[in-house]
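As the structure is a computational prediction, the values presented were derived from the model and not from experiment. All residue numbers in this chain count up from 1 along the given sequence. Each ligand, and each atom within it, is numbered from 1 in the order the structure gives.
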Amino acid sequence: MTAGAKWWTNAIFYQIYPRSFADSDGDGVGDLGGVVAHLDHLSSLGVDAIWLNPVTVSPMADHGYDVADPRDVDPLFGGLDALDRLVQEAHARSIRVTLDLVPNHTSSQHSWFQSALAAGPGSAERERYIFRDGRGPAGEQPPNNWVSVFGGPAWTRVPDGQWYLHLFDAEQPDLNWDNPEVFEDLEKTLRFWLDRGVDGFRIDVAHGMSKPPGLPDMTNPDIEMLRSQDDDPRFNHEGVHEIHRGIRSVLDDYPHAVSIGEIWVFDNEDFAKYLRPDELHMGFNFRLVRAEFDAVSIHGAIENALAAASIEDASPTWTLSNHDVDREVTRYGGGHRGLARARAMAMVMLALPGAVFVYNGEELGLPNVDLPDEVLQDPMWERSGHTERGRDACRVPMPWSGSAPPFGFSSNPQTWLPIPPQWDTLTVARQKADPDSTLSFFRSILHLRRNAFHFTENDVEWLSLGPELLAFFSGGVLCVLNTGTSERALPAGTVIASSAPIDGSSLPPDSAAWVVTA
Ligand code: ISL
């Protein structure tokens, strides 16, 4: 780390989807006790920090992203004591803990929303959300044509005839950020967690919150679910930046704390606005998630992500998967080939300067799971009229040990999503014992990222080694990726890691190597 650099500058974050990590109380759903029980797994990977998906009180309509009380932990996850214990135990292992903050919306069970429903049109209570009269002679049409990110209209009508806005599920009403009470409450939440020793926040839908005056119609309401466009009136409205300045002014009282925004904005200048010195510390850049397994596409994603962060001299961020997108093994084609490519891409990601985010199970090479209709839980499945299966396939619980489900995840055979019996070869215990496993591979490349790379700037030096080869120097190491179909020669040097067995002088298709050339 350079002098004065913050701890997160080149940090390895490990994302834990708490429902799916480990269950300590036998209800079939992961919890914080389960995270504490497996902290050694994280230590052995050498991660710097955890990002925990929401654990606050929630009816779980969107598995925690529908928050009913932002300043308490849901009993399902073990309550506040369990979080305090996790923070303490993680800190004892030098692992930081960051939480998910959900400022765009609350649960419909939040006391504010319940009071808003009771108080009626025109009340101060309704002013905390976005209630409007409908269009049409009797107000029977929604106030505008906005669609929910999970499918269907973004408006739901209440019995007195008004409509409320929800960019996600109907159980997730959007807050009215023009009302100062909303920020006052968020400030309480930020200080509540930071005072308890939490190390920062991943900010959900950080490009949402602010809505344009008059709520103009979308030009393209037929947009694919989970997508937005840069000119989409639902997101990335200029007013959002004042909110981030407010959040930052609180975080600046806690210099150890980091903020990382979930920013689905692709224009580099627009993206960088969120990273101005008085806004977020970092922003998730999703270009690598969207890139094809193709040298040109990956090169473009990296160049743009570096360029966007450099506009404000912020740390770049890298991620290949999370709880909202298909697992990379599946995205890259599935099977042996998908896994080979996922391992190769992990080496590309870990060779880059900036913060990296590894999603639980990525280190095991887990693929998406084909789940039967009857177990699907993502609200997208219902809201899309059973046309979109949603995100459950990438949220299947972690296999820890043993030869049959639930693989040590829980003492309960009924896990919240079923774990496929085929995962007997993918358990942590099995992979730990195998030096050629994906887990052993991840441990070794994570260790090398910390010890062999010396990142001094947020940039890489590109090399042109021929078509279908991606090659760059970063932190003193050369990373080469072969996205072609034939074996290719490697530059001279010492290979310190490779994603597939290699002879030292050539690189097979679908693989990557790190080479020290000096
Ligand atoms: O592109 C999008 C809108 O710009 C979407 O991908 C959207 O930003 C994304 O789905 C937001 O995800 C986050 O908030 C959701 C929650 O369901 C996801 O799990 C979370 O990551 C609502 O809180």
Side-chain angles (χ1 to χ4, degrees), residues 13 15-20 51-56 58-68 70 98-110 113 146-152 154 165-175 186 201-212 218 220-237 240 260-267 270-271 274 280 283-287 289-290 317 319 321-327 357 359-360 376-384 388-395 417:
F13 285 77
Q15 180 193 348
I16 293 185
Y17 196 69
R19 295 180 77 81
S20 301
W51 151 33
L52 270 184
N53 287 98
V55 291
T56 36
S58 166
M60 307 288 166
D62 185 22
H63 296 330
Y65 283 101
D66 47 321
V67 180
T98 61
L99 298 183
D100 220 308
L101 188 78
V102 189
N104 181 68
H105 44 266
T106 69
S107 161
S108 54
Q109 298 304 313
H110 188 292
F113 193 73
W146 290 11
V147 290
S148 151
V149 170
F150 296 158
L165 178 72
H166 51 87
L167 293 186
F168 296 90
D169 195 53
E171 313 296 313
Q172 294 166 293
D174 279 50
L175 285 160
L186 187 81
F201 303 95
R202 175 265 191 188
I203 302 183
D204 191 56
V205 203
H207 60 316
M209 302 180 279
S210 173
K211 310 293 186 296
M218 294 173 72
N220 176 22
D222 296 326
I223 193 165
E224 210 182 307
M225 285 171 220
L226 291 181
R227 293 267 163 158
S228 61
Q229 288 168 333
D230 279 6
D231 64 350
D232 188 326
R234 297 172 304 166
F235 296 103
N236 193 31
H237 179 249
V240 75
I260 312 132
E262 184 203 23
I263 308 170
W264 287 94
V265 171
F266 288 89
D267 177 81
D270 273 1
F271 180 89
Y274 290 82
L280 292 159
F284 275 102
N285 194 305
F286 293 110
R287 285 182 183 267
V289 170
R290 295 250 178 115
T317 65
T319 182
S321 68
N322 62 38
H323 64 295
D324 290 333
V325 301
D326 288 335
R327 284 197 177 267
F357 293 80
Y359 173 45
N360 60 203
L376 296 181
Q377 306 202 12
D378 188 340
M380 275 179 74
W381 174 238
E382 289 302 328
R383 289 196 61 84
S384 68
E388 294 286 335
R389 304 188 73 73
R391 301 157 293 174
D392 295 315
C394 69
R395 298 174 174 177
L417 287 173

Kindly give the heavy-atom pair with the smallest separation between [X] and [Y], and that separation in Å.
X    : Y    : answer
L376 : W381 : CD1-CD2, 3.5 Å
T317 : G283 : OG1-O, 2.7 Å
L280 : G261 : CD1-CA, 3.8 Å
Q377 : D392 : N-OD2, 2.6 Å
R227 : R234 : O-NH2, 3.2 Å

Counting non-hydrogen protein atoms only, what is the nearest one to [atom]? Give residue, atom name and distance.
atom                    : result
atom 8 (O) of ligand 1  : W264 CD1, 3.1 Å
atom 4 (O) of ligand 1  : S228 OG, 2.5 Å
atom 15 (C) of ligand 1 : F168 CE2, 3.8 Å
atom 21 (O) of ligand 1 : D324 OD2, 2.5 Å
atom 2 (C) of ligand 1  : L226 O, 3.5 Å
atom 16 (C) of ligand 1 : D62 OD2, 3.3 Å

Is it the side chain, the backbone, both or neither of [X] that has a heavy atom closer than 4.0 Å to ligand 1?
X    : answer
R227 : backbone
H166 : neither
R202 : side chain
R234 : neither

Are the side chain of D66 and the backbone of G64 linked by a donor-acceptor contact shorter than 3.5 Å?
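At least one qualifying donor-acceptor pair exists.
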
Look at the side chain of S58 and the backbone N and O of A68, then say whether any donor-acceptor pair between them is shorter than 3.5 Å.
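Not at all, since once roles are kept as given, no pair shorter than 3.5 Å links the two residues.
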
Would you say H207 touches ligand 1, if touching means a heavy atom closer than 4.0 Å?
yes

Give the numbers and elements of all ligand 1 atoms closer than 4.0 Å to a heavy atom of [X].
X    : answer
H105 : 22 (C), 23 (O)
R391 : 16 (C), 17 (O), 18 (C), 19 (O)
R395 : 19 (O)
H323 : 18 (C), 19 (O), 20 (C), 21 (O)
E262 : 9 (C), 11 (C), 12 (O), 13 (C), 21 (O)

As a check for students: among D100, D204, D232, identify the option with a heavy atom nearest to atom 23 (O) of ligand 1.
D204

Determine the interplanar angle of the F286 and F284 rings, folded into 0 to 90°, and report it as parallel if under 30°, tilted if 30 to 60°, perpendicular if over 60°.
parallel

Side-chain donor-acceptor contact under 3.5 Å, Y274 with N236
yes

Is the H323 to Y65 ring centre distance short of 6.0 Å?
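Between Y65 and H323, which both carry aromatic rings, the centre distance is below 6.0 Å.
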
Close side-chain approach of L167 to F235, heavy-atom, < 4.5 Å:
yes

